[in-house]
S.K.: 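My questions all concern the structure below.
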Amino acid sequence: MSAERVFQVLLCSGLLAGGWLYGKYWKKAAISSDHGESSGELRSQNAELTRELDETRDELAQIRSLLAQGSLAIPEDLIAFVEKDSGMVFPKAPIAKLASPDIFRNAAERNLELLFGKDGVEEEQHAWTTIGLLPPNDILRAQWIAIETSGTRGLFDLRSGEILLPEDFDPLSIPDSGALVHQLARQLQIQNHPFPESWKSTDEARAWLAIHRGAASGVQSRYLRRRAAAEQVDWEDKSDDRETLLLQLSPSIQGVANFPHLEGADYAKKAYLESRDAYLSIFRTPPLSTFKILYPHLEPIKPSETKEPIQLLGALGIRLLFDPYLGNEAADELAQAWRGDRYQIDVSKLNWQVTMATPELAQTFARGLQQIEVEGRSINVDGSHIDISISLKNDR
């Protein structure tokens, strides 16, 4: 019997035992009252019942603790489904553990630092705020961690390679099983295609994450459809914790957070429907930029030749920057015309160089920037290139 089933049986037994003891207490009290038993006898009997109830609660707490410390037994049918659907096998047995909210938050923060560097989130926040992509009061690190952990039913720890599940995880629940399938798909991907040692840019990191999460979302969706059909239930995930949170955040954060689940999932689905080899190739040679995921029909942008990581907005950042001011269609046109960008921050200013597909679109880009109110900014257009300089405030 699996660990989850053992826990459920013991939990139900504990609850029944607790209820029986509680009922026994009141029944005994009522009978004793009718027969005029002494208060001393009642206190003795009550103390015994209380002791038995406390022992039951302690046993349940110990079982929960053991489950949290050790690995959960993952149903074999879920493992088989994920392997068959993904076209890969687990080189090592999949690992899943119950985790407290604090452990979830710590793992989410570690994931951020692995993807973007120890201080990468703060550096990006400073640049995005300066350029106008992010409101001044937004705190990226806290927002990302909240997005990753709010109402989540599972999280993949990139550092340990383990799946974390909430303490109230229910293996018989359809949405919880679907969440486990999603994380199993990610664990399978990482075991077969290990986490890269470094990135050339945060844009490349976002592209990698979008492919892995998007593909895992596809595996989850196919599992849920199959299970719903097998059990003949009309089921849909009505959990809105994440959506409610996102609606409180800036449009740019919403766009970045949804990128893996929308464009990333579409990219993976197209490869999945094309062929098994095409699907596996997105893990062997993942896209090097968000541009490739957004516009797979266009010629990919040649990555920078520099050996050092560079800082840039990328096609996704360009689209999100202009969308609130120019509308989706115009912002998408500028993102498609993006041919590279790079920014550097020194003590007094941010220098940002952008290359567009044509001089005309470079002029359109510059006019679009003028609609975004940013103090201390100068814009110079030279053919297809735009040089932007923005003075920094001394309040970082």
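Sequence positions, counted from 1, serve as the residue numbers for this chain. Just so we're clear, the structure is a prediction, and the values are computed from it rather than from any experiment.
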S.K.: Dump the intermediate steps for ring-ring contact (aromatic ring centres under 6.0 Å, His included) on W208 and F195, then the final yes or no.
M.R.: CA-CA 10 Å; W208 178 91; F195 189 79; 5.1 Å; yes
S.K.: Centroid-to-centroid, H212 to F283, below 6.0 Å?
M.R.: yes
S.K.: Mind checking whether D138 and Q125 have side chains closer than 4.5 Å, heavy atoms only?
M.R.: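 Answer no - side chains too far apart.
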S.K.: Side chains of F156 and L164, heavy atoms from C-beta outward: is any pair under 4.5 Å?
M.R.: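 A side-chain contact under 4.5 Å is absent here.
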S.K.: Are L316 and I147 linked, directly or through other ILVMFWY residues, by side chains that come within less than 4.5 angstrom of each other?
M.R.: yes
S.K.: I163 versus L180: any side-chain heavy-atom pair under 4.5 Å?
M.R.: yes
S.K.: May I ask you to decide whether E148 forms a salt bridge with R213, counting only side-chain N to carboxylate O separations under 4.0 Å?
M.R.: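 The answer is yes: the pair qualifies as a salt bridge.
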S.K.: Do I386 and M356 touch side chain to side chain, with heavy atoms closer than 4.5 Å?
M.R.: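 I386 reaches M356 side chain to side chain.
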S.K.: With no hydrogens and no angle check, just 3.5 Å: does a side-chain donor-acceptor pair link S289 and D203?
M.R.: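 No, no side-chain donor-acceptor contact under 3.5 Å.
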S.K.: Check whether any side-chain heavy atom of I103 sits under 4.5 Å from a side-chain heavy atom of L98, and report yes or no.
M.R.: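 I103 vs L98: side chains apart.
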S.K.: Any non-hydrogen side-chain atom of T129 less than 4.5 Å from a side-chain atom of P135?
M.R.: no
S.K.: Given 3.5 Å as the limit, does a donor-acceptor pair link the side chain of R377 with the main chain of L369, or not?
M.R.: yes
S.K.: Main chain of T149, side chain of T152: is a donor-acceptor contact present, judged purely on distance under 3.5 Å?
M.R.: no
S.K.: Quick one: do Q311 and R342 satisfy side chain to side chain contact (heavy atoms under 4.5 Å, CB included)? Show the steps, please.
M.R.: CA-CA 6 Å; Q311 298 171 304; R342 182 175 185 175; 5.9 Å; no
S.K.: Look at atom NZ of K292 and say whether more than 12 heavy atoms of other residues, nucleotides or ligands are closer to it than 6.0 Å.
M.R.: yes
S.K.: For the backbone of A331 and the side chain of D323, can you confirm whether one donor and one acceptor N or O come within less than 3.5 Å of each other?
M.R.: no
S.K.: Are D341 and Q353 close enough that some pair of their side-chain heavy atoms sits under 4.5 Å apart?
M.R.: no
S.K.: Would you verify whether the NZ or CZ of R222 falls within 45 degrees of the ring axis of Y272 while also being under 6.0 Å from that six-membered ring's centre?
M.R.: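 Flagged: R222 positioned over aromatic ring of Y272.
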S.K.: With a 4.5 Å cut-off on side-chain heavy atoms, are Y343 and I388 touching?
M.R.: no
S.K.: More than 12 foreign heavy atoms under 6.0 Å from CZ of R226: is that the case here?
M.R.: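 Counting other residues, nucleotides and ligands, CZ of R226 stays at 12 neighbours or fewer.
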S.K.: Please round to the nearest 0.5 Å and tell me the distance separating atom NE2 of H193 and atom CG of L280.
M.R.: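 Answer for the NE2-CG pair, H193 versus L280, is 6.5 Å.
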S.K.: Which atom pair, heavy atoms only, marks the closest approach of A207 to L288?
M.R.: CB-C, 4.4 Å
S.K.: Whether R206 and E124 form a salt bridge (side-chain N of Lys/Arg under 4.0 Å from carboxylate O of Asp/Glu) is what I want to check.
M.R.: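 Yes.
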S.K.: Would you mind checking if D168 and R153 are paired as a salt bridge, meaning a charged N to carboxylate O distance below 4.0 Å?
M.R.: yes
